[in-house]
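What follows is a short report on a single structure.
Just so it is clear, the model here is predicted, and its values are computed rather than measured. In what follows, chains are A, B, ... by sequence order, proteins preceding strands, each numbered from 1.
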2 protein chains.
Amino acid sequence: MAGDGAERTGATRRRGAALEQAILRAAADELLESGYTGLTMDRVARRAGTNKNTIYRRWPNRAALGVAAYRQLAVADLKPPDTGELRGDALELLRRANCHWTSPLGEVLRGLLSAVGEEPELLAQLQEQAGAAGTAGWLAVLDRAVARGQAPPEARHPRVATVALALLRNEIITRGVSSAPDDVLVEIVDEVYLPLLRGHAHTETA
Amino acid sequence: MAGDGAERTGATRRRGAALEQAILRAAADELLESGYTGLTMDRVARRAGTNKNTIYRRWPNRAALGVAAYRQLAVADLKPPDTGELRGDALELLRRANCHWTSPLGEVLRGLLSAVGEEPELLAQLQEQAGAAGTAGWLAVLDRAVARGQAPPEARHPRVATVALALLRNEIITRGVSSAPDDVLVEIVDEVYLPLLRGHAHTETA
DNA sequence: TTCATTAGGGTACGCAACGTACCTTAAGGC
DNA sequence: GCCTTAAGGTACGTTGCGTACCCTAATGAA
């Protein structure tokens with residue numbers, strides 16, 4: 001990491017893409033350290049070894065910078081799990097999501113989501129990243145379950161497929177900041193997700 | 001409403017509970033007009049015909065005042081619907097919740113939820129109001145459905161009962177600020193909620 | 001009734017952070 | 001080797017939180 005904490009001492013003056021990257025890295029680091037609340041333009045400027053002026057030439061306001069910086073962090077490595085059983089796969093996906101939302105990154109995302117409420121454009125950008133990543137994994141897992149005969153084909157409806165994820169999100173938002181305990185995840189899978197799929201299979205897999 | 005917009009002109013000086021109520025009313029009005037973002041201590045003070053000092057003697061910070069003011073607004077009138085059918089009741093509950101979350105009041109609640117993230121005490125207070133009110137209605141509706149034989153007794157598990165509500169919340173949060181369109185509510189009920197209950201009834205009500 | 005105590009009113013302040021203005025200075029293309 | 005363009009530096013205006021200080025009205029007790 002170049003110029004991590006201290007102000008940059010290099011003699012040359014960066015421009016264009018290089019500078020932009022430096023700003024984004026600085027902003028992303030601030031996000032991880034202090035969350036969106038702690039992301040201030042002055043601090044990002046100092047950390048990146050530049051000044052607010054330069055930042056405002058690229059992003060119109062703090063929220064936009066926050067979203068852009070988050071993008072850097074959110075390149076999630078999502079290989080859907082394959083335990084050979086639907087229940088195991090679902091639990092694993094839920095545990096990963098739980099981890100994600102609980103991590104500093106999740107906190108950042110929550111902060112951003114609430115801060116961006118007024119600007120729909122930024123909101124759309126966030127959803128594109130946060131939302132899409134989620135559903136893909138669930139559909140993949142369900143595809144395999146359908147192939148195995150553990151779930152009916154109708155289960156591949158996106159809303160049905162991601163029910164467990166939605167419940168987890170709801171749990172975290174409703175219950176507060178800390179992560180959901182594992183037995184809640186198990187409950188979601190056993191009491192809701194699997195019965196739901198069973199309910200879709202009208203009279204089969206009994 | 002006494003002293004609605006203009007600064008109070010009365011000669012007597014209010015104290016204690018009367019003053020506290022005046023402050024809370026002013027804060028609640030500001031919340032409805034401008035949301036939590038627009039709730040500033042100076043404006044509340046002016047509107048209540050008092051000063052910040054007096055407010056800070058009662059609430060330690062803006063968030064606490066916001067939560068207290070929200071309590072005034074959130075006395076929801078919740079008689080669970082009774083259309084005679086589970087599907088109709090569920091849809092009606094969902095529509096009400098959708099209305100609520102979309103209303104200025106919902107916006108306020110969302111703002112508060114995100115602002116209070118750091119202070120667990122306040123968060124607990126909010127949940128007490130927002131959360132409990134919701135589940136009661138669903139349990140009541142399910143009770144009647146069970147009595148009618150339209151749902152299995154296991155459906156009265158709180159997590160199962162409120163699945164539709166959780167999905168709606170998730171939809172609103174994920175998709176952004178505006179209200180969920182009605183077909184989404186129908187989809188939640190028909191594609192998730194009813195199949196889920198069906199799935200719980202292992203081999204009955206077929 | 002008088003008077004001390006207590007709570008409210010008015011105002012100004014310190015501080016942080018956003019966003020902007022203005023000028024100076026280096027980079028890089030022609 | 002100049003000239004446009006972009007970056008650096010700095011200071012400013014503004015808003016809003018939270019605090020400090022001192023004045024003044026209400027209340028209850030002597």
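Among the atoms of the strands shown, base atoms are found under 4.0 Å from some heavy atom of A:Arg15. B:Ile23 comes within 4.0 angstrom of no nucleic acid atom, judged by non-hydrogen atoms across all strands. If you check every strand for non-hydrogen atoms under 4.0 Å, B:Arg58 touches sugar and phosphate atoms only.
Rounded to an integer number of Å, the gap from CG of B:Asp42 to P of C:dG9 is 15 Å. Look at CZ on B:Arg57: it is 12 Å from C1' on D:dC21, rounded to the nearest Å. Whole-Å rounding puts the B:Arg46 CZ to D:dG16 C1' distance at 13 Å. Atom-to-atom, CG of A:Asn61 to P of D:dT14 comes out at 20 Å; the value is rounded to the nearest Å. A straight line from CZ of A:Arg14 to P of C:dG28 spans 13 Å, rounded to a whole angstrom. To the nearest angstrom, C1' of C:dA16 lies 15 Å from CD of A:Glu30. Here the C1' atom of nucleotide C:dA16 and the NZ atom of A:Lys52 are 11 Å apart, to the nearest Å. Put simply, CH2 on B:Trp59 is 14 Å from P on D:dG18, counting in whole angstrom units.
With C:dC18, D:dC17, C:dA27 as the choices, the nucleotide that has an atom nearest any side-chain atom of B:Tyr56 turns out to be D:dC17. Distance from the side chain of B:Arg62 is smallest for D:dC17 among the nucleotides D:dG9, D:dC17, C:dT11.
Between D:dA7 and A:Arg13, no contact under 4.0 Å exists linking OP1 or OP2 to a side-chain N or O. Remark: A:Thr54 is in phosphate contact with D:dG8, judged by side-chain N or O atoms under 4.0 Å from OP1 or OP2.
A residue-by-residue look at B:Asn53 and B:Pro60 shows that B:Pro60 has its nearest nucleotide of DNA chain D further toward the 5' end. With the nearest nucleotide of DNA chain C identified for both B:Gly16 and A:Arg43, B:Gly16 has the one nearer the 5' end.
Between the side chain of B:Arg144 and the main chain of B:Leu86, no donor-acceptor pair closer than 3.5 Å is present. Under the 3.5 Å distance criterion, the side-chain polar atoms of B:Arg198 are matched with a main-chain donor or acceptor of A:Gly199. Judged purely by atom type and a 3.5 angstrom limit, B:Arg62 uses its side chain to pair as donor or acceptor with the backbone of B:Leu39.
Contact check for B:Trp138 versus B:Leu142: no side-chain heavy atoms found under the 4.5 Å cut-off. Using a 4.5 Å heavy-atom threshold, the side chains of A:Leu24 and A:Tyr70 count as separate.
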